[in-house]
Amino acid sequence: MNYWLMKSEPDVYGIGDLKRDRQTIWDGVRNYQARNFLRSMQPGDLVFFYHSNVVPPGIAGLMKVVESNIADPTQFDFASRYYDVKSTKESPRWQTVCVEFVEELSTLVSLDTLRSQFSPDDLLVVRPGNRLSVMPINPEVAQKILVLAR
DNA sequence: GCCAACGTTGGC
DNA sequence: GCCAACGTTGGC
């Protein structure tokens, strides 16, 4: 099993929304590095749900990949801001995953806490200026984050 | 609201 | 293929 971190602005879609929906397709990722990480996710992988662009930012919950290699439906939707005129149904450009709610943390593991525990080499999300919205977490770091979350 | 980081676009 | 201009992300 692999571990990941994915960001979302809670004003747009937060852990509370996932708790209500139980599952969601993680659509709208339009960065190739992030997409490549999405492509390598497997069912069963654990994903930290990170709340960005909010005070304080941090890890707010846990989710699990239930289905991988899904063509992001918004790339074919004219009305979507994520519509991609160059993508075709025969060879979709953007893949994503379906995730399932696992847990809403009673206490946010804040970016400040993460910075105090991990170096940018251990955890990409604490690197200053980091904008990647999907990133891998090494298992050792993931276990430590899970301890901080309890 | 500001601004640093950095990905993307487009002229050449 | 280079690189300046531009747009977006996201912390503060």
Side-chain angles (χ1 to χ4, degrees), chain A residues 2-21 23-41 45-65 68-99 101-138 140-142 144-150:
Chain A
N2 292 307
Y3 299 89
W4 309 90
L5 178 148
M6 299 204 292
K7 298 178 183 173
S8 181
E9 301 186 16
D11 293 346
V12 178
Y13 195 88
I15 188 70
D17 296 298
L18 182 59
K19 187 175 186 178
R20 176 199 63 218
D21 297 342
Q23 290 192 353
T24 195
I25 291 178
W26 202 267
D27 60 22
V29 173
R30 294 293 181 273
N31 168 287
Y32 286 103
Q33 198 181 353
R35 181 209 61 185
N36 293 343
F37 287 134
L38 285 165
R39 281 180 171 174
S40 58
M41 289 185 190
D45 287 358
L46 192 72
V47 184
F48 295 100
F49 194 136
Y50 181 93
H51 281 178
S52 65
N53 217 9
V54 69
V55 181
I59 293 169
L62 305 174
M63 50 194 169
K64 192 171 68 177
V65 176
S68 54
N69 197 30
I70 298 170
D72 183 337
T74 61
Q75 68 195 305
F76 307 121
D77 178 0
F78 296 102
S80 171
R81 64 175 290 208
Y82 301 115
Y83 176 68
D84 185 343
V85 69
K86 293 176 185 165
S87 189
T88 63
K89 296 248 180 187
E90 293 71 35
S91 69
R93 178 178 296 193
W94 304 104
Q95 286 79 28
T96 188
V97 295
C98 181
V99 287
F101 175 80
V102 172
E103 184 182 338
E104 180 172 9
L105 301 184
S106 52
T107 311
L108 184 89
V109 181
S110 70
L111 180 58
D112 281 348
T113 300
L114 293 171
R115 281 199 211 284
S116 74
Q117 301 292 317
F118 303 105
S119 73
D121 288 340
D122 289 335
L123 187 62
L124 283 174
V125 78
V126 308
R127 179 179 300 175
N130 161 71
R131 297 188 310 163
L132 192 61
S133 67
V134 179
M135 65 189 74
I137 305 285
N138 87 51
E140 217 168 287
V141 170
K144 289 181 184 167
I145 294 172
L146 288 170
V147 171
L148 293 171
R150 306 299 164 204

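Below, chain A is the first sequence line, B the second, and so on; all start at residue 1. These figures come from a predicted structure and were not determined experimentally.
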statement: Expected list for residues 110-125 of chain A near DNA chain C, using heavy atoms below 4.0 Å, is A:L111, A:R115

query: Listed by chain and number, what are the side chain to side chain donor-acceptor pair (under 3.5 Å) partners of A:D27, not counting sequence neighbours?
result: none

statement: 5'-most contact on DNA chain B (nearest-nucleotide basis), A:N53 vs A:N130, goes to A:N53

query: How far apart are the closest heavy atoms of A:V97 and A:I70, and which atoms are they?
result: C-CD1, 3.8 Å

message: Going by ring pair (Phe, Tyr, Trp, His ring centres under 6.0 Å), name the residues that satisfy it together with A:Y83, two or more places apart in sequence or in a different chain.
response: A:F78

field: Terminal contacting nucleotides, 5' and 3', DNA chain B versus chain A (heavy atom, 4.0 Å)
entry: B:dA5 to B:dT8

task: Report the residues that fulfil salt bridge (Lys or Arg N to Asp or Glu O under 4.0 Å) with A:D17, sequence neighbours left out, ordered by chain and then residue number.
output: A:R20

message: Determine whether a donor-acceptor pair (N or O, by modelled atom type, separation under 3.5 Å) exists between the side chain of A:K19 and the backbone of A:F101.
response: no

- prompt: Toward the 5' end of DNA chain B, which comes first, A:P128 or A:R30, by nearest nucleotide?
  reply: A:P128

Where at least one partner belongs to residues 86-99 of chain A, residue pairs that pass salt bridge (charged side-chain N to carboxylate O under 4.0 Å, His left out), sequence neighbours excluded: A:D84-A:R93

task: Could you point out which residue of A:D122, A:V141, A:V125 forms a side chain to side chain contact (heavy atoms under 4.5 Å, CB included) with A:L114?
output: A:V125

- prompt: Just by distance, with hydrogens left out, do A:D72 and A:T74 show a side-chain donor and acceptor under 3.5 Å apart?
  reply: yes

